[in-house]
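Ligands are counted one by one from 1 in listed order, and the atoms in each one are counted from 1 as well. Computed over heavy atoms, backbone and side chain alike; hydrogens, waters and symmetry mates excluded.
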Amino acid sequence: VGRGARLGIFSSLLAVAVGLVVFVSMAFLRSEPPTIDFAAGHTAGQPVDMTLQTVGAIGYGAHSTWVSYLTKAPNGKWVHTTLWDLPANTRINVTLYEYDGGSPLRNPQIGAVYGTLGNVEILNGKPVSLIDATQGNGVAHTFSVPTLGINVPLYAVDGNAKNFCNVPAPCPLSTAHNVIQFSFVTPKAAGQYPWQCFVPCGLGYLYGNGGPMQTISYMDGFLKVVS
Ligand SMILES: [Cu+2]
């Protein structure tokens with residue numbers, strides 16, 4: 001075999017190797033938690049109901065001690081994800097079960113409810129527009145969509161409650177929880193709108209802002225608004 005042919009074979013093998021590396025890394029980058037589809041079969045003008053929960057520890061997987069959100073899929077199954085397909089320009093009625101303990105807020109401003117319909121949340125049946133986190137159990141997490149001006153503080157449960165949830169998520173309703181309900185309207189423009197928790201709840205990470213605070217399916221995600 002001549003030198004040119006050997007060079008040709010070498011180049012082809014190199015190209016295949018580089019191709020494989022690129023393919024595998026792209027597949028890794030593409031892998032993400034599942035997106036729950038609340039837009040399929042949606043009738044324009046009808047509200048969409050969405051049920052979420054927040055837990056003090058997911059209880060399984062690579063980060064079993066991390067705080068997390070979970071989403072109830074339309075089939076009734078709880079899924080460990082924070083990614084949702086939502087119809088544009090639609091009222092979303094959220095029911096959120098909060099199972100985590102809390103603390104006072106470093107920034108009291110995120111105790112205010114805004115951007116929801118009426119600028120209120122319904123906390124265990126009572127409308128609330130501000131949670132003073134220096135009182136009671138404090139705030140556990142927030143549901144915040146900065147680009148849409150939405151902030152919903154989640155009043156915590158008593159971290160020392162006898163029935164505090166300490167089982168792998170999802171937490172059952174028999175364990176200590178608060179029920180927080182609110183509604184908001186998705187924007188008219190399709191696109192991906194990031195949402196996150198603004199309580200630095202990443203215990204053990206710098207200023208509490210690492211780990212679950214920076215990981216999709218734990219304390220942040222996307223509203224994938226589709227038109
Ligand atoms: Cu949080």
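Judged as a side-chain hydrogen bond (donor to acceptor under 3.5 Å, both in side chains), the pairs with a partner in residues 151-169 (not counting sequence neighbours) are, in order, S144-N151. Under the salt bridge (charged side-chain N to carboxylate O under 4.0 Å, His left out) criterion, no residue pair touches residues 50-61, with sequence neighbours excluded.
Y205 belongs to a hydrophobic cluster with V55, I58, Y60, W66, L70, W78, Y97, Y99, L173, V179, Y218, counting contacts under 4.5 Å between side-chain heavy atoms of Ile, Leu, Val, Met, Phe, Trp and Tyr, direct or through other members.
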- Stepwise side-chain contact (heavy atoms from CB on, under 4.5 Å) test for T90 and I92: CA-CA 6 Å; T90 296; I92 313 293; 4.3 Å; yes
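Of the possible donor and acceptor atoms, none in the side chain of Q196 sits under 3.5 Å from a partner among the backbone N and O of F198.
Side-chain contact of N119 with S129: a donor-acceptor pair under 3.5 Å is absent, judged by distance alone.
Of all protein N, O or S atoms, those under 2.8 Å from the Cu ion (ligand 1) number 4.
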